[in-house]
2 protein chains.
Amino acid sequence: MSRQYSISQIAEQTGLTPDTLRYYEKIGLIPSPGRGAGGSRLYTKEDIGKIHFLLHLKNTEMPLKNIQEYIKAYDAQDEELCYRLLEEHRIRIEAQMAALNETLQIVKYKLDHFQEIKDG
Amino acid sequence: MSRQYSISQIAEQTGLTPDTLRYYEKIGLIPSPGRGAGGSRLYTKEDIGKIHFLLHLKNTEMPLKNIQEYIKAYDAQDEELCYRLLEEHRIRIEAQMAALNETLQIVKYKLDHFQEIKDG
DNA sequence: GCTTGACTTGGAGTCTACTCCAAGGGCTAT
DNA sequence: ATAGCCCTTGGAGTAGACTCCAAGTCAAGC
């Protein structure tokens, strides 16, 4: 039987707080893990994997509601819906990258401009 | 004398609502524009330029507080601070692009995986 | 057997960024 | 001169995502 981890260990691994982990569990973003002595949460490697994928979605500005919908579809093994939701997210990611790049060019231009003022 | 625009025209141009424009003005993100008959706002081309740059920062997840700080530094002609704030934002943009790209690869992999299931 | 420390729950509070509302003013067309 | 519409203000309300708190449980060490 493989190792299991307490909520504070997971918190440290993921950079989330125990409160946030419990909050995500409450709203159905992560599965309710097994419990140890006194009802304390014990996370498995599989749980951790799900949390990491969740963080990938969250870190790319997917709203928790959409992540919730994806998790629900995943649990219901609705591959059609999973596919559609991920595809939509892919499009949003690409749009976001384009916006970031556009602003990056503008910011770089301004930074060069400041540099000139300093040099001149 | 060049053309001026009402708040609803600016709203249409920028995709913001008049309420949001007034809110941005209230918290100091955009300058208070000149007023016309009955105290209604009249935006100049210069105002519009500032709003568009603000939107670039906002669309790249710069918190309004940081934008506020930048605008304040800009108005105070504190070039040193302007430079530092933009440089920090550039770094955040690049980090964000890296995170997006990483997730994009994962999402693409998953999408290909779904595709195989459909094809197979 | 009592303290210490991490854990549990449900619920309330906070922060950011809006979003809406009530009460009222002013231009335009009929 | 009245209807219709867009504008004004200050302030209250909302949504999303946490974040904190009180009261209590449990196991381990002294």
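Naming convention: chains lettered A, B, ... in sequence-line order (proteins, then strands); numbering from 1 in each chain.
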Open item on the list: In this structure, how many angstroms lie between the P atom of D:dA17 and the CD1 atom of A:Ile30, rounded?
Closed with: 15 Å
- [ ] Answer yes or no: is there an ion pair linking B:Glu80 with B:Arg84, defined by an N-O contact shorter than 4.0 Å?
- [x] no
- [ ] To the nearest Å, give me how far apart CD1 (B:Ile10) and P (D:dT8) are.
- [x] 12 Å
Open item on the list: Heavy atoms from C-beta onward define the side chain here; which of C:dC27, D:dA27, D:dC7 lies closest to that of B:Ala37?
Closed with: C:dC27
Open item on the list: Please tell me if B:Ser6 has a side-chain N or O lying less than 4.0 Å from either OP1 or OP2 of D:dC7.
Closed with: yes
- [ ] Identify the two heavy atoms, one from B:Ala73 and one from B:Cys82, that lie closest to each other, and give their separation to 0.1 Å.
- [x] C-SG, 3.7 Å
Open item on the list: Looking at every non-hydrogen atom in both residues, tell me the closest pair between B:Ala11 and B:Leu21 and how far apart they are.
Closed with: N-CD1, 3.7 Å
Task: Nucleotide C:dA17, atom P - distance to CG of B:Leu16 in whole Å - done: 14 Å
Open item on the list: What's B:Ile27 touching, base or sugar-phosphate or nothing? Going by heavy atoms closer than 4.0 Å.
Closed with: nothing
Open item on the list: Can you measure A:Ile7 atom CD1 to D:dC26 atom P for me and round it to whole angstrom units?
Closed with: 18 Å
Open item on the list: Nearest to the A:Lys58 side chain among C:dA17, C:dA6, D:dC18, which nucleotide is it?
Closed with: D:dC18
TODO: Give a yes/no on whether any side-chain N or O of B:Arg41 is located under 4.0 angstrom from OP1 or OP2 of D:dT9.
DONE: yes
Task: From A:Arg3 atom CZ to A:Thr44 atom OG1, the distance as rounded to the nearest 0.5 Å - done: 12.5 Å
Task: Minimum-distance nucleotide (side-chain atoms of B:Tyr23 versus C:dT19, D:dT19, C:dT8) - done: C:dT19
Open item on the list: Using a 6.0 Å distance limit plus a 45 degree cone around the ring axis, check whether B:Lys110 lies over the aromatic ring of A:Phe53.
Closed with: yes
- [ ] Please report, rounded to the nearest Å, how far the P atom of C:dA17 is from the CD atom of B:Glu61.
- [x] 10 Å
TODO: For B:Arg22 and for A:Ser40, locate the closest nucleotide of DNA chain C by heavy-atom distance; then report the residue assigned to the nucleotide nearer the 5' terminus.
DONE: A:Ser40
Task: Out of C:dC18, D:dC18, C:dC7, whichever nucleotide has its closest atom nearest the side chain of B:Thr20 - done: C:dC18
- [ ] Taking only Lys NZ, Arg NE, NH1 and NH2, and the carboxylate oxygens of Asp or Glu, determine whether B:Arg22 and B:Asp19 approach each other closer than 4.0 Å.
- [x] yes
TODO: Take the protein atom CG of B:Asn59 and the nucleotide atom C1' of C:dC18, then report the distance between them rounded to whole Å.
DONE: 15 Å
- [ ] Measure the distance from CG on A:Leu29 to C1' on D:dC18 and round it to the nearest whole Å.
- [x] 12 Å
Task: Side-chain N,O (A:Thr17) to OP1/OP2 (D:dC18) below 4.0 Å - done: no
- [ ] Using a heavy-atom cut-off of under 4.0 Å over every strand shown, decide if A:Lys26 touches base, sugar-phosphate, or nothing.
- [x] base
Open item on the list: Under 4.0 Å, heavy atoms only, any strand: does A:Pro18 hit a base, just the sugar-phosphate, or nothing?
Closed with: nothing
Open item on the list: In whole Å, I'd like the distance from the CE atom of A:Met62 to the P atom of D:dA17.
Closed with: 11 Å
Task: Minimum-distance nucleotide to B:Asp19 side chain [options: C:dA6, C:dT8, C:dT19] - done: C:dT19
Task: B:Lys65 or A:Leu42, whichever maps to the more 5' nucleotide of DNA chain C - done: A:Leu42
